[in-house]
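This report refers to the structure that appears directly beneath it.
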Amino acid sequence: MENTKTISEVLMYFIPAFLILIGMFLMMKRSLNSQEALIKSFVEKEIQLKAIDDRSERRKNAMPLKLQAYERFVLFLERIDPSSILVRVHTSGMSAAQLQNDLIVTIRAEFEHNLSQQIYVSDYSWEEVKSAKEEMIRIINSSFNRVGNNSSGLQLSTSIFEFILEMDVTPTQRAINFLKSEARKMLE
């Protein structure tokens with residue numbers, strides 16, 4: 001009996017101590033989990049800030065390349081505008097067929113020279129540039145069909161200018177206006 005009394009006295013001391021130990025363990029675990037969550041949250045925020053800084057730095061570094069692409073496309077469009085390209089390509093004594101061919105070859109060569117710049121401009125800008133190029137080729141071909149194969153280069157040039165005068169805005173000017181507005185938005 002004395003053994004059971006001793007065991008029950010020992011248990012009376014150990015059970016509360018054991019319960020206090022379990023309570024302390026649970027409180028410490030909760031505290032450590034809370035601190036771990038706080039540290040994890042802090043680290044995640046630092047990673048997000050670093051990513052934002054990196055993106056900002058990349059945009060800052062890419063801005064000159066994007067602006068240069070817009071500049072090159074505007075230059076391309078200016079160079080294929082009828083008032084510019086006809087002066088450069090037309091020589092006296094040229095036939096309409098020669099001039100038509102030389103104009104189209106020149107436009108395509110200028111376009112291919114600037115082809116890589118498309119990665120720096122928006123899809124809408126790229127579509128405007130391509131559309132202006134195709135429209136200019138269509139105008140040249142339509143003008144050639146108007147004057148016929150036996151015409152002179154001068155007659156084809158005149159027909160192209162007449163075709164352009166019928167339009168409110170040339171395809172090249174429309175695309176230039178679009179590119180300029182997009183470039184201005186980038187700078188705001």
Side-chain angles (χ1 to χ4, degrees), residues 48 50-188:
Q48 288 174 348
K50 178 72 172 144
I52 290 169
D53 286 346
D54 288 348
R55 262 185 265 139
S56 175
E57 187 66 27
R58 280 194 305 271
R59 282 187 186 136
K60 180 181 167 189
N61 291 337
M63 182 66 77
L65 294 173
K66 287 182 176 190
L67 289 175
Q68 183 182 31
Y70 281 93
E71 290 171 0
R72 286 189 56 182
F73 279 136
V74 168
L75 180 62
F76 161 71
L77 292 165
E78 289 287 352
R79 289 179 59 81
I80 69 166
D81 189 74
S83 61
S84 174
I85 197 169
L86 286 170
V87 171
R88 282 194 335 271
V89 174
H90 184 263
T91 57
S92 76
M94 254 185 154
S95 71
Q98 278 179 303
L99 181 58
Q100 175 200 26
N101 182 59
D102 288 355
L103 289 171
I104 292 172
V105 165
T106 301
I107 290 172
R108 288 188 175 141
E110 294 260 355
F111 181 75
E112 288 173 9
H113 179 71
N114 292 295
L115 202 55
S116 65
Q117 298 302 308
Q118 69 180 293
I119 64 174
Y120 298 111
V121 298
S122 72
D123 291 340
Y124 297 116
S125 293
W126 174 239
E127 288 302 319
E128 282 290 326
V129 170
K130 287 191 324 185
S131 175
K133 174 197 73 117
E134 292 303 322
E135 185 67 15
M136 288 308 305
I137 291 172
R138 188 186 68 72
I139 289 169
I140 292 166
N141 288 334
S142 295
S143 297
F144 178 74
N145 290 336
R146 269 190 196 175
V147 297
N149 195 26
N150 297 326
S151 302
S152 69
L154 186 58
Q155 289 171 314
L156 176 58
S157 295
T158 303
S159 178
I160 291 171
F161 280 121
E162 288 171 354
F163 204 99
I164 292 296
L165 288 174
E166 293 172 6
M167 303 176 140
D168 291 336
V169 176
T170 65
T172 54
Q173 191 57 53
R174 184 186 66 242
I176 288 170
N177 293 342
F178 185 84
L179 291 173
K180 286 164 69 174
S181 77
E182 277 218 346
R184 284 186 195 112
K185 287 177 190 173
M186 285 176 31
L187 295 172
E188 291 176 349

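These numbers come from the heavy atoms of this one structure, side chains and all, not from hydrogens, waters or symmetry mates.
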Can you tell me how far the [atom1] atom of [X] sits from the [atom2] atom of [Y], to the nearest 0.5 Å?
{"X": "Phe73", "Y": "Ile176", "atom1": "CZ", "atom2": "CD1", "value": "12.5 Å"}
{"X": "Glu71", "Y": "Lys180", "atom1": "CD", "atom2": "NZ", "value": "12.5 Å"}
{"X": "Ile160", "Y": "Ser142", "atom1": "CD1", "atom2": "OG", "value": "10.0 Å"}
{"X": "Glu112", "Y": "Lys133", "atom1": "CD", "atom2": "NZ", "value": "8.0 Å"}

Nearest atoms (heavy-atom pairs only) where [X] meets [Y]:
{"X": "Met63", "Y": "Met186", "value": "SD-CE, 3.4 Å"}
{"X": "Arg79", "Y": "Ile85", "value": "O-CB, 3.4 Å"}
{"X": "Ser125", "Y": "Val121", "value": "CB-CB, 4.0 Å"}
{"X": "Met136", "Y": "Ile80", "value": "CE-O, 3.7 Å"}
{"X": "Leu156", "Y": "Ile140", "value": "CD1-O, 4.1 Å"}
{"X": "Glu182", "Y": "Ser122", "value": "OE1-OG, 2.7 Å"}

**Item:** side-chain contact (heavy atoms from CB on, under 4.5 Å) between Asp81 and Gln173, worked out
**Value:** CA-CA 8 Å; Asp81 189 74; Gln173 191 57 53; 5.6 Å; no
Tell me if a side-chain donor or acceptor on [X] pairs with a main-chain N or O of [Y] at a distance below 3.5 Å.
{"X": "Ser181", "Y": "Phe178", "result": "yes"}
{"X": "Gln155", "Y": "Ser152", "result": "yes"}
{"X": "Asn114", "Y": "Glu110", "result": "yes"}
{"X": "Ser143", "Y": "Ile139", "result": "yes"}

**Message:** Under a 3.5 Å threshold, yes or no: a donor from one side chain and an acceptor from the other, between Gln100 and Asn141?
**Reply:**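 Per modelled atom types, Gln100 and Asn141 side chains form a pair under 3.5 Å.
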**Prompt:** So, Arg146 and Glu166, do they make that salt bridge, N to O below 4.0 Å?
**Reply:**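 Yes, this pair counts.
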**Message:** As a test of understanding, state which of Ile137, Val89, Leu99 forms a side-chain contact (heavy atoms from CB on, under 4.5 Å) with Ile104.
**Reply:**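 When side-chain contact (heavy atoms from CB on, under 4.5 Å) is applied between Ile104 and each of Ile137, Val89, Leu99, only Ile137 qualifies.
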**Asked** Any chance the rings of Phe111 and Trp126 have centres within less than 6.0 Å?
**Response**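 Yes; Trp126 has its ring centre under 6.0 Å from that of Phe111.
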**Message:** Does Asp102 form a side-chain contact (heavy atoms from CB on, under 4.5 Å) with Met94? I'd like the steps, not just the answer.
**Reply:** CA-CA 10 Å; Asp102 288 355; Met94 254 185 154; 2.7 Å; yes
**Asked** How about Phe161: does its CZ atom have over 12 heavy atoms from other parts shown lying under 6.0 Å from it?
**Response**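 It does: Phe161 CZ has more than 12 such atoms within range.
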**Item:** Atom NZ of Lys66 with >12 non-hydrogen neighbours under 6.0 angstrom
**Value:**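 Check fails, neighbour count at 12 or below.
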**Glu128/Leu179 under side-chain contact (heavy atoms from CB on, under 4.5 Å): CA gap, chis, key distance, verdict** = CA-CA 8 Å; Glu128 282 290 326; Leu179 291 173; 5.7 Å; no
